Amino acid sequence: MELPSQLPPEEVDRLTADIVAALKTVYDPEIPADIYELGLIYRVDIDDARNVTIDMTLTAPGCPVAGEMPAWVESAVSAVPGVQSVVVNMVFDPPWDQSRMSDEARIALDMW
């Protein structure tokens, strides 16, 4: 059973919004949409010490930036005021598919 957060709800909301905004600055270089709208972010967890753990995936396991993208995500989220540390886990289960994309990403990629 998970204990409730000791952070005030408004602090969690602010951190979450700022982290999402930071994630939206990271783009897959082959696709003109950010990784958040593409649905590549599976989980963002903020602990009481403001350490952030992110589970993310790639559009394909053989993506040419597979080794670089976690560092881009870590760098972007580390810049958010109040974040103490960032750990990015690359996961491939469940595999990414186009159903994870937001409407914004679908419009950008003309994928209806």
Side-chain angles (χ1 to χ4, degrees):
M1 187 169 121
E2 210 171 297
L3 296 173
S5 175
Q6 299 302 308
L7 295 176
E10 58 275 3
E11 174 73 358
V12 173
D13 291 346
R14 182 197 65 79
L15 278 171
T16 300
D18 290 351
I19 289 167
V20 168
L23 290 169
K24 287 183 173 202
T25 68
V26 180
Y27 283 75
D28 183 317
E30 297 180 333
I31 304 172
D34 68 75
I35 63 169
Y36 189 83
E37 297 299 335
L38 284 172
L40 299 181
I41 303 300
Y42 284 0
R43 183 180 71 93
V44 176
D45 181 64
I46 306 165
D47 73 13
D48 289 342
R50 295 175 178 80
N51 299 305
V52 178
T53 303
I54 297 170
D55 289 350
M56 69 169 293
T57 195
L58 301 169
T59 54
C63 177
V65 294
E68 300 164 49
M69 198 172 294
W72 299 344
V73 170
E74 180 180 340
S75 178
V77 175
S78 292
V80 171
V83 168
Q84 295 305 309
S85 70
V86 180
V87 173
V88 178
N89 300 312
M90 189 65 66
V91 298
F92 294 100
D93 186 28
W96 179 87
D97 67 46
Q98 294 177 5
S99 70
R100 299 190 62 88
M101 292 178 8
S102 70
D103 287 346
E104 182 178 306
R106 290 178 192 281
I107 291 167
L109 301 174
D110 197 23
M111 296 180 79
W112 290 98

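FYI, the numbering just counts along the sequence from 1. When reading the values below, keep in mind they use all heavy atoms of this one structure, side chains included, and skip hydrogens, waters and symmetry mates. Model, not experiment: these values are computed from the prediction.
Side chain of D48 to main chain of Q6: a donor-acceptor pair is present (N/O by atom type, distance under 3.5 Å, no hydrogens or angles). Side-chain N or O atoms of R106 include one that pairs as donor or acceptor with a backbone N or O of Q98 at under 3.5 Å. In this structure a side-chain-to-backbone donor-acceptor pair under 3.5 Å is missing from S75 to A71.
Remark: A76 pairs with A22, T25, V26 by the side-chain contact (heavy atoms from CB on, under 4.5 Å) rule, at least two apart or across chains. Residues meeting the salt bridge (Lys or Arg N to Asp or Glu O under 4.0 Å) test with E74, sequence neighbours left out: none. Residues meeting the salt bridge (Lys or Arg N to Asp or Glu O under 4.0 Å) test with D55, sequence neighbours left out: R43.
Under the 4.5 Å side-chain heavy-atom criterion for Ile, Leu, Val, Met, Phe, Trp and Tyr, V20 and L7 are members of the same hydrophobic cluster. Hydrophobic clustering places W72 together with L38 (ILVMFWY residues linked when any side-chain heavy atoms are closer than 4.5 Å, directly or through intermediates). Criterion: ILVMFWY side-chain heavy atoms under 4.5 Å apart, direct or through other members. Under it, V86 and Y42 are part of a common hydrophobic cluster. Residues V65 and V91 are members of one and the same hydrophobic cluster, defined by side-chain heavy-atom contacts under 4.5 angstrom among Ile, Leu, Val, Met, Phe, Trp and Tyr. Under the 4.5 Å side-chain heavy-atom criterion for ILVMFWY residues, a single connected hydrophobic cluster contains both I54 and M90.
Looking only at side-chain heavy atoms (C-beta outward), R50 and P81 stay at 4.5 Å or farther from each other. With a 4.5 Å cut-off on side-chain heavy atoms, E104 and D34 count as touching.
Smallest separation of non-hydrogen atoms from L15 and G82: CD2-C, 4.3 Å. Residues P70 and M56 share a closest heavy-atom pair of CA-SD, 4.4 Å. Heavy-atom minimum distance, Y36 versus L23: CD1-CD1, 4.1 Å. When all heavy atoms are compared, the tightest approach of A108 to P32 is CB-O, 3.8 Å. Here the closest heavy-atom approach between residue I41 and residue V44 is recorded as CG2-CG2, 3.7 Å. Of all the heavy atoms in L40 and L58, the pair that sits closest is CD2-C, 3.8 Å.
For the atom pair CG of D13 and CG of D18, the computed distance is 11.0 Å after rounding to the nearest 0.5 Å. Rounded to the nearest 0.5 Å, atoms OG1 (T59) and CD1 (I35) are 11.5 Å apart.
Counted by atom type alone, T53 and D45 present zero donor-acceptor pairs between their side chains at under 3.5 Å.
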>> Set out, in order, the CA-CA distance, both residues' side-chain angles and the distance that settles side-chain contact (heavy atoms from CB on, under 4.5 Å) for M101 and W96, then state yes or no.
In response: CA-CA 9 Å; M101 292 178 8; W96 179 87; 3.7 Å; yes
> side-chain contact (heavy atoms from CB on, under 4.5 Å) between I19 and I46: does it pass, once the steps are laid out?
Replying inline: CA-CA 10 Å; I19 289 167; I46 306 165; 3.8 Å; yes
